[in-house]
Amino acid sequence: MDANEHTAVAGLIPTQDDAARRLAILTLDEAHDLLRLLQLIAREGADELSQEAGWFAREIASRIPSDN
């Protein structure tokens, strides 16, 4: 993924103010799937998208029960 694609994807990510409202509409399974995806993105690098993915992953992980 090049820099332009990262920028386009980052523009789709809601602001932190919108996060709580948007998370409320996810099922628990969807939240766990999203958490795994965000954790993968966060581990891939140190760019802005990875940092945002890490923030969202931490927020989701703190709000949902563990996936056992």
Roughly how far, to the nearest 0.5 Å, is the CD atom of E59 from the CG atom of L35?
-> 11.5 Å
Scanning both residues in full, the closest heavy-atom pair of A46 with Q51 reads O-NE2, 3.1 Å
Looking at A53 and A42, what are the two nearest heavy atoms and their distance?
-> CB-N, 4.0 Å
Okay, side chain of S50, backbone of E44: is any donor-acceptor separation there less than 3.5 Å?
-> no
Heavy-atom side-chain proximity of D33 to L37 below 4.5 angstrom = no
Examine distances only and state if a side-chain atom of H32 and a backbone atom of P65 form a donor-acceptor pair shorter than 3.5 Å.
-> yes
Out of curiosity, I60 CD1 to R36 CZ, how far, rounded to the nearest 0.5 Å?
-> 11.5 Å
Spacing of R58 atom CZ and Q39 atom CD [to the nearest 0.5 Å] = 10.5 Å
